[in-house]
Amino acid sequence: MPEHIPRNHDSAGADDLRPDAFLEDAMHRWGDTVLRLALSQLRDASDAEDVFQDVFVRLLKDRTAFNDDEHLKAWLLRVTINRCRDIGRSGWKRRNEPLAERHAALAIEAPDLLESDIWNAIGALPSDLRAVVHLHYVEGYSTDEAAALSWDAAPPRRARAFTAPAST
């Protein structure tokens, strides 16, 4: 196991937090990936930043013994997807419109990426397919790996995500 991926002990407490250097390395290596995935899922920069923070705080406190860098990256992506789904299912999120729509003058401008045709096309996909498409086309995972990471491993769903619609 690489030495920059520490294993935590079984005892609980503040001493069991992962070292700062480990967290900083993980954020440096995969922070952009986590943020991009959250943006593709939520289509809201402030929600994506909240997910980013939640994911890395969870990593700081989590005691998973990672086998290698790929195991850590897969864990980060899985936690990101789960957190995005939690936000999407929350009653508060469904009952409230985005801040940008209510207070346009106060809204922070989102990156130009959020206004691109590709971004809009991905955003039009059902939420269960957005993660698979993002992981495959943006992060470079195979279709099987992308489906497994998003728990969408059922063959019909995987096939649906990577099959062009029939022309009418």
Side-chain angles (χ1 to χ4, degrees), residues 5 18 23 25-101 107-166:
I5 301 179
R18 293 186 190 268
L23 189 63
D25 182 58
M27 290 173 76
H28 175 74
R29 296 170 120 205
W30 297 293
D32 288 345
T33 302
V34 167
L35 188 59
R36 278 193 311 265
L37 179 57
L39 273 170
S40 78
Q41 294 300 288
L42 300 170
R43 300 184 47 78
D44 181 84
S46 63
D47 285 345
E49 289 169 357
D50 288 345
V51 167
F52 175 92
Q53 181 176 342
D54 291 348
V55 166
F56 285 102
V57 166
R58 182 163 172 201
L59 177 63
L60 178 69
K61 296 176 180 180
D62 189 81
R63 293 195 265 165
T64 300
F66 299 108
N67 299 326
D68 55 25
D69 289 342
E70 272 306 306
H71 183 198
L72 172 59
K73 183 180 179 186
W75 185 93
L76 289 167
L77 295 175
R78 178 75 250 146
V79 172
T80 301
I81 291 167
N82 287 342
R83 187 66 189 112
C84 289
R85 287 181 179 162
D86 291 345
I87 288 173
R89 287 190 294 251
S90 77
W92 185 90
K93 182 74 173 170
R94 287 191 307 258
R95 287 189 303 271
N96 292 289
E97 58 187 300
L99 178 65
E101 292 175 16
I108 299 170
E109 290 187 32
D112 291 338
L113 174 65
L114 293 176
E115 299 304 319
S116 72
D117 291 338
I118 281 276
W119 197 257
N120 291 332
I122 290 172
L125 292 171
S127 62
D128 61 334
L129 298 180
R130 276 196 300 261
V132 177
V133 169
H134 177 87
L135 290 170
H136 178 69
Y137 290 105
V138 178
E139 304 303 335
Y141 284 92
S142 72
T143 57
D144 288 338
E145 292 169 330
L149 278 170
S150 66
W151 287 7
D152 293 336
R157 182 169 291 156
R158 191 171 58 240
R160 191 174 117 212
F162 296 102
T163 305

Atom [atom1] in [X], atom [atom2] in [Y]: separation rounded to 0.5 Å?
X    : Y    : atom1 : atom2 : result
D47  : Q41  : CG    : CD    : 12.5 Å
Y137 : T143 : OH    : OG1   : 9.0 Å
D54  : R58  : CG    : CZ    : 10.0 Å
D69  : W30  : CG    : CH2   : 4.0 Å

Quiz prompt | D62/R18 under side chain to side chain contact (heavy atoms under 4.5 Å, CB included): CA gap, chis, key distance, verdict | solution = CA-CA 8 Å; D62 189 81; R18 293 186 190 268; 4.0 Å; yes

Answer yes or no: is there a side-chain heavy-atom contact under 4.5 Å between [X] and [Y]?
X    : Y    : value
L135 : I81  : yes
R36  : E139 : yes
V51  : V55  : yes

Of the non-hydrogen atoms in [X] and [Y], which two are nearest, and what is the gap between them?
X    : Y   : result
A38  : C84 : CA-SG, 3.7 Å
L72  : A26 : CD2-CB, 4.3 Å
Y141 : E70 : OH-OE1, 3.8 Å

Exercise. May I have all residue pairs that pass ring pair (Phe, Tyr, Trp, His ring centres under 6.0 Å) and include part of residues 42-62, sequence neighbours excluded?
Key: F52-F56

Self-check item: side chain to side chain contact (heavy atoms under 4.5 Å, CB included) evaluation trace for H71 with D68
Solution: CA-CA 5 Å; H71 183 198; D68 55 25; 3.4 Å; yes

Quiz item: Among all residues two or more places apart in sequence or in another chain, which pass the salt bridge (Lys or Arg N to Asp or Glu O under 4.0 Å) test with E145?
Solution: none

Practice problem: Check the pair T80, R83 against side chain to side chain contact (heavy atoms under 4.5 Å, CB included), reporting the backbone distance first and the verdict last. | Solution: CA-CA 5 Å; T80 301; R83 187 66 189 112; 5.9 Å; no

Exercise. Would you please test R78 and N82 for side chain to side chain contact (heavy atoms under 4.5 Å, CB included) and show each step?
Key: CA-CA 6 Å; R78 178 75 250 146; N82 287 342; 2.5 Å; yes

Exercise. For S40, enumerate each residue passing the side-chain contact (heavy atoms from CB on, under 4.5 Å) test, keeping only those at least two apart in sequence or located in another chain.
Key: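 Scan of S40 (side-chain contact (heavy atoms from CB on, under 4.5 Å), adjacent residues dropped) gives L37, W119, H134.
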
